[in-house]
Amino acid sequence: MFELLGIPPQALFGQLLLGLINGAFYALLSLGLAVIFGLLNVINFIHGAQYMMGAFVAWMLLNWAGIGFWPALLIAPVVVAITGIVIERLLLRRLYHLDHLYGLLLTFGIAIIIEGLFRYRFGSSGQPYDNPLPGGHNLGFMYLPNYRGLVVVASLLICFGTWFVIERTRLGSYLRAATENPTLVRAFGINVPRMITLTYGFGVGLAALAGVMAAPIYQVSPLMGSNLIIVVFAVVVIGGMGSIMGSIVAGFGLGVIEGLTKVFYPEASNTVIFVIMAIVLLIKPAGLFGTPR
Amino acid sequence: MKKGLWTSCVAALLAATPAAAQVSDDVVKLGVMNDQSGLYADITGQGSVIAARMAVEDAGGKVLGKPIEVIFADHQNKPDVGSSIANRWIDAEQVDTIVDVPTSSVGLAVQQITKTKKRIFLMSGPASSDLTGKACSPYGFHWTYDTYMLANGTGNALVKAGGDTWFFLTSDYAFGHALERDTGAAVKAAGGKVLGAVRHPLNTSDFSSFLLQAQASKAKVIGLANAGGDTINSIKQAAEFGIVSGGQRLAGLLVFVTDVHALGLKTAQGLVVTESFYWDLNDETRAFSKRFMEKSGGKPPSMVQAGVYSAVAHYLKAIKEAGTDDADKVAAKMREMKVNDFMTKDGEIRIDGRVMRNAYLFQVKKPEESKGPWDYYKLLATIKPEDAFRPLDQGDCPLVKK
């Protein structure tokens with residue numbers, strides 16, 4: 001039996017896989033942020049709160065209406081996306097012509113209000129949510145819970161599906177064109193404001209979907225989003241603001257790096273992503289996949 | 001730039017703390033400082049403020065003919081934030097005593113400040129046994145529990161039940177380190193062995209990596225030297241990774257009744273926990289809890305919140321007896337008088353500041369055993385004060401004459 005840097009290979013494989021699972025959440029969340037920033041030029045600080053709302057809507061569906069996990073995967077993102085669309089129509093829309101720092105401040109404020117309301121109603125320790133897919137498989141080098149396996153596969157499909165739609169289809173080309181030159185695109189008879197609203201709703205729905213998928217793993221708590229959002233912002237910055245492929249690759253990659261840190265020097269596992277962010281910003285200020293704007 | 005602005009938003013937010021009222025010296029002013037919004041907010045938070053106000057109300061709202069005022073602040077579990085609040089309270093706002101202060105790192109910082117500036121410090125929230133050990137203070141009273149009590153209660157019980165090899169999942173700050181050290185000592189004293197430990201940052205959401213390392217250690221017991229949201233997530237994810245069904249046992253070293261509520265009995269059942277208060281222990285605790293629940297929206301008090309009531313009530317009695325709110329005289333009077341209330345019977349306060357009280361070993365009920373909301377614990381054993389807490393001469397407290 002050989003050892004690598006003092007760690008048996010089984011443990012290493014196990015940690016790599018776990019890193020990939022955490023990376024799946026980073027990727028899903030940073031993807032939504034990247035879509036919103038790339039197409040709307042809005043830094044959506046409500047993202048963490050919307051992820052939390054997704055988990056809570058799933059919890060409410062289960063406990064108040066008796067609707068289980070699988071339907072919630074569809075319903076919760078739609079519900080949260082609708083709240084997002086309302087916010088976009090009523091508030092965000094008025095800030096598009098201003099510097100995006102205004103959008104950042106507005107969304108940051110809304111996030112604090114939403115989290116405060118949930119904390120007031122549900123307390124800070126959160127609510128339990130049962131695992132819909134209990135059990136797991138012994139892969140020889142580690143025990144993989146079925147549910148976590150599902151999360152990785154689902155996340156990969158959603159991420160690459162989104163990338164494909166935006167970068168490779170006609171709809172995606174409209175979207176990209178509308179952000180480059182809205183007046184011209186409108187001249188072709190396309191309803192640009194509606195398209196932007198729906199794009200924001202889609203990005204928000206992605207966050208809520210990640211929230212539903214996180215509910216059985218983490219505690220459904222009002223703080224779950226704010227714990228994650230700062231890391232996710234770092235992921236987006238590393239991947240390159242607004243780059244969709246960048247956010248996917250950086251999400252999974254940083255999950256793995258964080259997982260390895262938890263083996264070699266666990267105390268640093270919260271900071272490693274920010275160290276990498278600092279290095280990337282020094283060498284490539286636009287991020288790994290970003291283009292300078 | 002975006003990042004920079006964002007950072008300043010956060011900084012502005014962190015700096016915002018409750019506004020101060022104009023005060024005169026004719027007021028006995030209590031400052032409750034704890035986690036109002038983070039992972040320990042359910043255990044301490046507003047509940048501790050409610051408990052302190054109840055104690056004031058029960059004292060008639062006045063002591064020595066002067067009004068009593070309760071203010072509170074959020075230290076966000078950060079020692080620097082806690083220190084600046086404590087300094088401001090003492091220097092500019094004439095706060096006479098600081099109450100609660102969970103999170104041992106903040107508790108230790110405030111202990112140092114209250115010691116230098118001669119103010120009474122009633123600690124219900126922090127756990128580290130160092131607060132009555134090498135960091136003890138003539139003005140600091142450690143009221144409700146400590147890491148030594150938790151270690152001896154849960155640690156001993158599990159070693160006796162056959163769990164003789166341990167691996168720790170430790171929260172990486174003063175509290176986690178103290179709990180790991182004290183539990184390790186208790187395990188070794190009972191004939192067990194500690195195989196290893198992994199330290200995770202405070203407020204971690206994913207524990208799978210750490211749990212996998214604990215699983216690989218093949219220890220019979222995985223000791224969770226963490227608290228609040230961290231404990232909840234470790235227990236939840238341990239179930240997911242089949243750790244308990246694989247034959248290893250989890251020891252939640254600091255589990256509060258609110259954590260059990262958050263986990264649900266299905267996940268939490270069978271856990272052995274040590275606490276010094278449970279709402280359904282006897283008629284007196286039930287009567288207190290009923291009053292508390294009327295004010296808290298139906299949540300029973302945690303042991304920390306109950307301890308806040310107990311400490312404030314005793315402090316006010318000592319002022320009355322001493323005829324002054326001078327910190328030295330009140331501290332002496334507090335040690336002289338026995339603590340007696342719904343959760344404490346003839347509790348003695350030692351020179352190092354330790355309040356001697358019973359500890360209780362509970363087991364979390366199965367879902368079918370629970371008869372109603374918040375009916376979570378059954379009593380396994382009562383641990384006498386002299387067995388629950390570290391002997392006076394072993395703590396290295398400089399106040400203890402050798």
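So that the names make sense, note that chain A is the first sequence line, chain B the second, and so on, each numbered from 1.
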request  = Would you please test B:Ser205 and A:Phe25 for side-chain contact (heavy atoms from CB on, under 4.5 Å) and show each step?
outcome  = CA-CA 12 Å; B:Ser205 52; A:Phe25 282 104; over 6 Å; no
Best-contacting candidate, B:Asp172, B:Asp35, B:Asp206, B:Thr258, against chain A by heavy atom pairs under 4.5 angstrom = B:Asp206
key: Region of A:Pro222 in contact with chain B, defined by heavy-atom distances below 4.5 Å   = neither
query = Just how far is it from atom CG of A:Leu18 to atom CZ of B:Phe241, taken to the nearest 0.5 Å?
reply = 5.0 Å
task = Measure the spacing between CG of B:Asn233 and OG of A:Ser221 and express it to the nearest 0.5 Å.
result = 8.0 Å
note = Turns out that what part of B:Leu202 lies under 4.5 Å from chain A's heavy atoms comes down to backbone
ask   = With sequence neighbours left out, what residues match B:Gln46 under side-chain contact (heavy atoms from CB on, under 4.5 Å)?
value = B:Gln36, B:Val49, B:Phe72
query = Is A:Ser124 reaching over with its side chain to a backbone N or O of B:Asp42, donor-acceptor style, under 3.5 angstrom?
reply = yes
message = Is A:Asp130 in contact with chain B via its backbone, its side chain, both, or neither, using a 4.5 Å heavy-atom distance?
response = side chain
query = Most heavy-atom pairs under 4.5 angstrom with chain A, which of B:Lys266, B:Gln237, B:Lys299?
reply = B:Gln237
query = Do A:Glu267 side-chain atoms and B:Pro201 backbone N/O form a donor-acceptor pair below 3.5 Å?
reply = no
note = OG1 (B:Thr267) and CD (A:Gln219) are apart, to the nearest 0.5 Å, by 8.5 Å
message = For chain B, which candidate among A:Tyr129, A:Phe122, A:Tyr218 shows the most heavy-atom pairs at distances under 4.5 Å?
response = A:Tyr218
ask   = Looking at NE2 of B:His200 and NZ of A:Lys262, how far apart are the two atoms once the value is rounded to the nearest 0.5 Å?
value = 10.5 Å
query = Under the salt bridge (charged side-chain N to carboxylate O under 4.0 Å, His left out) test, which residues partner B:Glu369, sequence neighbours left out?
reply = B:Lys378
inquiry  = At a 4.5 Å cut-off on heavy atoms, which part of A:Asn22 comes close to chain B: side chain, backbone, both, or neither?
reply    = side chain
ask   = Going from OG on A:Ser226 to CG on B:Asn203, what distance comes out if it is rounded to the nearest 0.5 angstrom?
value = 8.0 Å
query = Which region of A:Pro266, side chain (C-beta onward) or backbone (N, CA, C, O), has a non-hydrogen atom less than 4.5 Å from a non-hydrogen atom of chain B, or is it both or neither?
reply = both
remark   = Assert top hit (heavy-atom pairs under 4.5 Å, partner chain B, pool A:Leu223, A:Asn131, A:Ile217) equals A:Ile217
ask   = If you draw a 6.0 Å radius around NZ in A:Lys284, do more than 12 non-hydrogen atoms from other residues or ligands fall strictly inside?
value = yes
query = Who wins among B:Ser208, B:Ala41, B:Gly38 for the most heavy-atom pairs under 4.5 Å with chain A?
reply = B:Ser208
message = So, taking the atom named OH in A:Tyr143 and the one named CG in B:Leu212, what distance separates them when rounded to the nearest 0.5 Å?
response = 12.0 Å
inquiry  = How close do A:Pro128 and B:Ala262 get, counting heavy atoms only, and between which atoms?
reply    = CD-O, 3.1 Å
